[in-house]
Amino acid sequence: MKQRLFILSQYLLPHHLLSRLIGCVAECRIGWLKNPLISWFAKQYQVNMSEAQVEDLRAYEHFNAFFTRALKDGARPLDETPGAILSPADGAISQLGAIEHGRIFQAKGHSFSAVELLGGDAERAAPFMGGQFATVYLSPKDYHRVHMPLGGTLKEMVYVPGRLFSVNQTTAENVPELFARNERVVCLFDTERGPMAVVLVGAMIVASVETVWAGLVTPPKRELKSTRYDAQARGPIELAKGAEMSRFKLGSTAIVLFGPNQVQWAQDLDAGSPVCMGQLLGTAQD
């Protein structure tokens, strides 16, 4: 019954209004509000502050600064296996595997369309048909910066409007097409393994997504917007393997896509496997 009520609430709650209100609180700089909030959160979710560059909870200017905190040098070493594909974030594997018949497995009998995930453009999604996907869920306690699984050149960023359902195991098992319904930012790169997509999926109370090349992704209207970064547009943006690419302000999920016959996921990873940014996610396929 509790699960059914929770899922029902996901459809009834005013997602964007609630997220904007929480976003205002998360940016509050008033000490008597932000300091207890940060302290409570760190204790509630057992956040490991010993690996943060700034360990003093009171030193953060607001909750979002704490939530997107930087880590100490060396806290996340990059796997040096030849041909390594790195985990883009701390978290847990939600699912990983093949993109079959244009569908990406979600959970418990649910899947979603790769075309819809990437903004509804079949041409944009074509290079990934028959390829591989990995979905990484970031929990509240995790490090919330997203890094490059493989070095690449940014070609396009697509803001896709949508709902803001909570993202967890319960919603994954009960909300059809969850990741293709939530608001998201699609980042498309050219890499040594062909096209790579990193999709940053929003969720309930996620205040915003920020990229290193565009800052906060906040279109004036909630409508699909594509931005090109090729030589004819803004010029190429190149990011090395393991480089920071984005941050979740009250974060959610990152989905990585590759084309067919390009990567092979690590055999010791499965749904529920914990991962750290920089850990071996897979290797280039011969």
Side-chain angles (χ1 to χ4, degrees), residues 78-79 81-89 91-137 146-158 160 172 176-181 184-201 226 228-230 236-243 245 253-271 273 275 278-286:
L78 306 182
D79 190 281
T81 300
I85 310 298
L86 306 181
S87 173
I93 298 295
S94 178
Q95 298 291 340
L96 81 173
I99 302 171
E100 298 179 339
H101 309 293
R103 307 288 296 182
I104 297 173
F105 183 60
Q106 181 173 297
K108 201 177 178 179
H110 290 293
S111 65
F112 55 94
S113 162
V115 173
E116 291 304 314
L117 176 72
L118 299 181
D121 187 324
E123 184 177 348
R124 184 184 295 129
F128 303 103
M129 295 297 137
Q132 296 288 324
F133 79 94
T135 303
V136 179
Y137 165 70
V146 180
H147 294 245
M148 294 288 287
L150 190 65
T153 302
L154 179 67
K155 291 300 181 182
E156 185 181 15
M157 179 178 74
V158 186
V160 187
E177 304 261 347
L178 173 64
F179 299 114
R181 296 174 73 172
R184 56 205 177 275
V185 176
V186 178
C187 307
L188 297 166
F189 299 89
D190 278 347
T191 77
E192 63 186 34
R193 303 307 302 182
M196 175 182 75
V198 181
V199 184
L200 309 167
V201 184
S226 171
R228 298 289 303 181
Y229 288 88
D230 53 26
I237 294 173
E238 297 183 1
L239 296 173
K241 181 192 292 189
M245 59 167 288
T253 299
I255 304 175
V256 180
L257 307 181
F258 283 97
N261 305 314
Q262 295 299 324
V263 304
Q264 182 174 355
W265 302 126
Q267 293 183 354
D268 60 342
L269 295 179
D270 202 350
S273 298
V275 291
Q279 177 180 332
L280 183 72
L281 191 64
T283 53
Q285 188 170 327
D286 295 332

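Any value given below was found using the heavy atoms of this structure, including those in side chains, with hydrogens, waters and symmetry copies removed. Positions are given from 1 along the sequence.
- The CD1 atom of I255 sits 4.0 Å away from atom CZ of F112, with the distance rounded to the nearest 0.5 Å.
- When all heavy atoms of M148 and G151 are compared, the closest pair comes out as CE-C, 4.3 Å.
- At a threshold of 4.5 Å between non-hydrogen side-chain atoms, the residues F105 and E100 do not count as touching.
- Side-chain contact between S273 and D268 is absent, with no heavy-atom pair separated by less than 4.5 Å.
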* To do: Could you walk me through whether L239 and F189 pass the side-chain contact (heavy atoms from CB on, under 4.5 Å) test, one step at a time?
  => CA-CA 9 Å; L239 296 173; F189 299 89; 4.2 Å; yes
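- The shortest distance between side-chain heavy atoms of R124 and S226 falls below 4.5 Å.
- A distance of 8.0 Å separates CG in L281 from CD1 in I85, rounded to the nearest 0.5 Å.
- L200 and C187 get closest at one heavy-atom pair: CD1-SG, 4.2 Å.
- Contact between T153 and E238 at its shortest, heavy atoms only, is OG1-CG, 3.5 Å.
- A side-chain donor-acceptor contact under 3.5 Å links K241 to the backbone of A84.
- Counting heavy atoms from C-beta on, the side chains of V158 and L118 never come closer than 4.5 Å.
- A salt bridge links E177 and R103; the closest N-O separation between the charged side-chain nitrogens and carboxylate oxygens is under 4.0 Å.
- Among Q285, M196, Q264, the single residue meeting the side chain to side chain contact (heavy atoms under 4.5 Å, CB included) criterion with F258 is M196.
- To the nearest 0.5 Å, atom CE of residue M129 and atom CD1 of residue I99 are 6.5 Å apart.
- Nearest heavy atom pair, residue V136 against residue A89, reads CG1-O, 4.1 Å.
- Among all heavy-atom pairs drawn from P88 and A254, the shortest one is CG-CB, 4.4 Å.
- Shown here for P195 and P127, the closest heavy-atom pair between the two residues is CG-CB, 3.8 Å.
- The shortest side-chain heavy-atom distance between V186 and V160 falls under the 4.5 Å cut-off.
- Side-chain atoms of V199 and F179, non-hydrogen and from C-beta on, never get closer than 4.5 Å to each other.
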* After noting the C-alpha distance and the side-chain angles of L257 and I104, does the key distance pass the side-chain contact (heavy atoms from CB on, under 4.5 Å) rule? -> CA-CA 10 Å; L257 307 181; I104 297 173; 3.9 Å; yes
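- Between the CG atom in D190 and the CG atom in L154 there is a gap of 9.5 Å [rounded to 0.5 Å].
- Side-chain atoms of R193 do not come within 3.5 Å of backbone N or O of A284 as any donor-acceptor pair.
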* Output, in order, the C-alpha distance, side-chain angles, deciding distance and verdict of side-chain contact (heavy atoms from CB on, under 4.5 Å) for V263 and T283. => CA-CA 6 Å; V263 304; T283 53; over 6 Å; no
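- Rounded to the nearest 0.5 Å, atoms CG (L178) and OG1 (T253) are 7.5 Å apart.
- H147 is not listed as a side-chain neighbour of L78, based on a closest heavy-atom distance of 4.5 Å or more.
- Looking at heavy atoms from C-beta onward, L117 lies in side-chain contact with R184 at the 4.5 angstrom threshold.
- Here Q95 contributes atom CD and L269 contributes atom CG; the two are 12.5 Å apart, rounded to the nearest 0.5 Å.
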